[in-house]
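Chain A is the first sequence line, chain B the second, and so forth, proteins listed ahead of strands; every chain is numbered from 1. Side-chain atoms are counted along with the backbone in the values below, which use heavy atoms only and exclude waters and symmetry mates.
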Protein chains: 2
Amino acid sequence: MNDRSSDTAAPSGRDYAGRTLSERRAQRRKALIEAGVVIFGDHGFRGATVKAICRQAGLTERYFYESFANSEALFATVYKTLVGDIEHEMRDAVDQAPAEAESMSEAALRVYFAHMARPRVARIVLIEIFGISTRIDRTYRATTLKFAELTEDLTARLFDPSVVNAQGTTPRLLSMGLVGSTIHIAMYWNLNGYRESLDAVVNAALALYRAMAVSMVDTAGHD
Amino acid sequence: MNDRSSDTAAPSGRDYAGRTLSERRAQRRKALIEAGVVIFGDHGFRGATVKAICRQAGLTERYFYESFANSEALFATVYKTLVGDIEHEMRDAVDQAPAEAESMSEAALRVYFAHMARPRVARIVLIEIFGISTRIDRTYRATTLKFAELTEDLTARLFDPSVVNAQGTTPRLLSMGLVGSTIHIAMYWNLNGYRESLDAVVNAALALYRAMAVSMVDTAGHD
DNA sequence: GCATTCTGACATGAAACATTGTCAAATCCA
DNA sequence: TGGATTTGACAATGTTTCATGTCAGAATGC
């Protein structure tokens with residue numbers, strides 16, 4: 001359902017314009033992904049046509065189906081590419097930050113919101129991802145889980161199991177809640193026209209993480 | 001763009017089957033909204049056809065266009081109806097709860113998650129709402145804002161402006177974050193097959209509200 | 001009872017798109 | 001250079017669905 005390796009074309013696979021077949025294919029595929037960011041980001045998934053994407057990529061429809069089975073497959077790839085880049089950059093920022101939960105969290109959040117400041121990326125990652133298909137919904141769930149796990153890694157000590165169980169809830173639900181607060185602040189930021197500064201949204205998201213930390217420490221201390 | 005009052009039909013508007021014209025129209029409209037919950041909830045917005053909705057409602061296509069300009073208009077009405085019911089019931093629960101922030105918050109959250117326990121409602125309100133059109137996106141933003149304001153009303157004292165400004169953020173962003181954490185816990189609950197109990201998700205959401213409250217009080221006290 | 005209106009089943013037209021196919025020009029390699 | 005392949009532009013086909021139209025029969029008020 002995702003990508004295609006070979007299909008209608010190329011019985012021989014010789015060079016063309018100084019590039020091998022696989023190089024040409026990879027380049028076209030990359031162009032389609034970048035065009036997908038533009039078209040999906042500007043018109044949404046529903047408003048995007050294969051023709052418009054190919055036009056943006058400077059390719060014709062035939063090459064679309066060389067790399068992707070349909071526009072949903074391209075969308076899934078676009079989404080995974082964007083999220084993968086963000087995750088990678090976030091992990092780098094965490095590694096380079098002082099080894100302390102607050103600094104690491106702030107570094108990660110700053111990277112996240114810097115990406116969400118790009119309207120096309122924000123629209124794809126925050127809005128368009130929903131309601132396309134159950135398959136894509138599963139991709140979203142998996143992605144969110146990964147970020148929740150990242151959150152749990154970062155702040156593992158905040159979610160002392162005994163404390164958590166005493167409150168009658170689970171660390172997974174709490175970290176999903178924190179991830180959701182971050183996502184939603186970004187969503188509001190985008191839908192409301194980016195009126196707030198980057199610092200403001202980073203601090204708001206961070207305040208919730210900090211509050212959760214403080215709350216946990218307090219609860220543990222008073223027991 | 002939303003609903004229609006009169007159109008192709010009825011130059012006279014006499015009774016039929018013991019009901020006036022407006023009564024019949026209202027009944028058909030209601031049937032369409034209820035059918036919309038089923039069809040949109042089971043197949044999503046993209047997977048829903050006017051024909052399927054009419055079939056579910058026990059009506060023919062003509063009566064669809066009597067009440068709605070297109071399926072997007074029906075979806076908007078379905079969404080507003082569902083959210084309006086939830087909001088109404090939440091406010092009732094808050095009014096009947098002990099006049100104390102934690103009890104009121106818990107009462108409201110319990111109502112919210114009780115509704116989100118219905119898969120069709122959850123899918124429409126949490127998933128399908130996104131990416132249909134910019135108009136619907138605005139509806140979502142307005143709805144979320146209303147819930148953020150409700151949160152702010154409930155916990156006004158938690159968001160002492162001086163405290164908040166000292167943290168370099170705004171109460172609106174914080175309340176949006178809290179609303180987002182609640183929404184996202186519900187989304188996870190739904191996408192993950194409702195594995196957790198109602199109490200567990202209510203407590204997880206409540207923990208974040210409580211944490212924010214504790215954090216604010218602490219910060220204010222230490223200044 | 002009867003002309004009129006309402007209803008439901010189905011037909012029809014129109015538009016948008018995805019996907020495949022055609023073909024001439026560009027490019028390669030031998 | 002010449003045969004083969006790759007590319008790009010565009011046509012063609014088929015499907016889907018919306019939105020409206022048609023029409024016979026049911027129900028109404030007078």
Side-chain angles (χ1 to χ4, degrees), chain A residues 1 3-4 6-32 35-36 39-40 43-76 132-133, chain B residues 1-4 6-29 31-32 35-36 39-40 43-76 132-133:
Chain A
M1 167 82 87
D3 299 12
R4 283 179 176 174
S6 70
D7 235 56
T8 49
S12 86
R14 71 180 184 192
D15 285 11
Y16 200 86
R19 297 175 189 278
T20 69
L21 174 59
S22 58
E23 282 172 347
R24 279 173 278 144
R25 278 196 182 152
Q27 187 171 354
R28 288 193 287 256
R29 186 185 143 91
K30 191 181 169 195
L32 285 167
I39 300 296
F40 290 139
H43 305 300
F45 178 74
R46 270 167 44 81
T49 64
V50 172
K51 185 171 295 214
I53 291 164
C54 293
R55 183 183 182 78
Q56 173 71 30
L59 297 170
T60 59
E61 292 99 309
R62 182 149 57 101
Y63 294 111
F64 184 92
Y65 298 99
E66 176 193 54
S67 286
F68 301 98
N70 49 44
S71 58
E72 181 183 323
L74 172 63
F75 184 86
I132 290 179
S133 71
Chain B
M1 167 85 83
N2 228 346
D3 300 10
R4 284 179 176 175
S6 72
D7 235 55
T8 49
S12 85
R14 70 180 186 194
D15 285 11
Y16 200 84
R19 298 176 190 277
T20 69
L21 174 60
S22 58
E23 281 171 348
R24 278 172 279 144
R25 278 194 181 154
Q27 188 171 353
R28 289 192 287 255
R29 186 185 144 90
L32 285 166
I39 300 297
F40 290 139
H43 305 300
F45 178 74
R46 270 168 45 82
T49 64
V50 171
K51 188 171 293 215
I53 291 164
C54 293
R55 185 183 180 79
Q56 172 73 29
L59 297 170
T60 58
E61 291 98 311
R62 181 149 57 102
Y63 294 112
F64 184 92
Y65 297 100
E66 176 193 57
S67 284
F68 301 98
N70 49 44
S71 59
E72 182 183 321
L74 172 63
F75 184 87
I132 291 180
S133 71

[atom1]/[X] to [atom2]/[Y] distance, rounded to the nearest 0.5 angstrom?
| X | Y | atom1 | atom2 | answer |
| --- | --- | --- | --- | --- |
| B/Leu59 | B/Arg29 | CG | CZ | 13.5 Å |
| B/Arg46 | A/Glu72 | CZ | CD | 7.0 Å |
| B/Leu32 | B/Ser71 | CG | OG | 12.0 Å |

Taking [atom1] from [X] and [atom2] from [N], how many angstroms apart are they, rounded to a whole number?
| X | N | atom1 | atom2 | value |
| --- | --- | --- | --- | --- |
| B/Tyr63 | C/dC10 | OH | P | 15 Å |
| B/Asn70 | D/dT17 | CG | C1' | 13 Å |
| B/Glu61 | D/dC18 | CD | C1' | 10 Å |
| B/Arg46 | C/dA18 | CZ | C1' | 13 Å |
| B/Arg25 | C/dT5 | CZ | P | 15 Å |
| A/Phe64 | D/dG8 | CZ | C1' | 17 Å |
| A/Arg62 | D/dT5 | CZ | C1' | 11 Å |
| B/Lys51 | C/dG8 | NZ | P | 16 Å |

Report which part of the nucleic acid A/Thr60 touches: base, sugar-phosphate, or nothing (heavy-atom distance under 4.0 Å, all strands).
base
Report which part of the nucleic acid A/Arg19 touches: base, sugar-phosphate, or nothing (heavy-atom distance under 4.0 Å, all strands).
nothing
Is the backbone of A/Arg24 close enough, under 3.5 Å, to the side chain of A/Arg19 for a donor and an acceptor to pair up by distance?
no
Dot-bracket for DNA chain C, 5' to 3', with Watson-Crick and G-U pairs under 3.5 Å, [ ] for crossing pairs and | for other-strand pairs: what is it?
||||||||||||||||||||||||||||||
Where the side chain of A/Val50 is defined as all heavy atoms beyond and including C-beta, which of C/dA18, D/dA9, D/dA19 is the nearest nucleotide?
C/dA18
Would you mind telling me which of C/dT7, C/dC28, D/dT17 lies closest to the side-chain atoms of A/Asp15?
C/dC28
Any side-chain N or O of A/Tyr16 under 4.0 Å from OP1/OP2 of D/dT5?
no
Tell me whether the OP1 or OP2 atom of C/dT7 has a side-chain N or O from B/Arg24 closer than 4.0 Å.
yes
With side chains defined as the heavy atoms from C-beta onward, is the minimum distance between A/Lys51 and A/Phe64 less than 4.5 Å?
no
All heavy atoms of A/Gln56 vs all of A/Ala35, minimum pair found to be CG-CB, 3.5 Å
Ignoring hydrogens, what is the shortest heavy-atom contact between B/Cys54 and B/Glu61? Give both atom names and the distance.
SG-CA, 3.7 Å
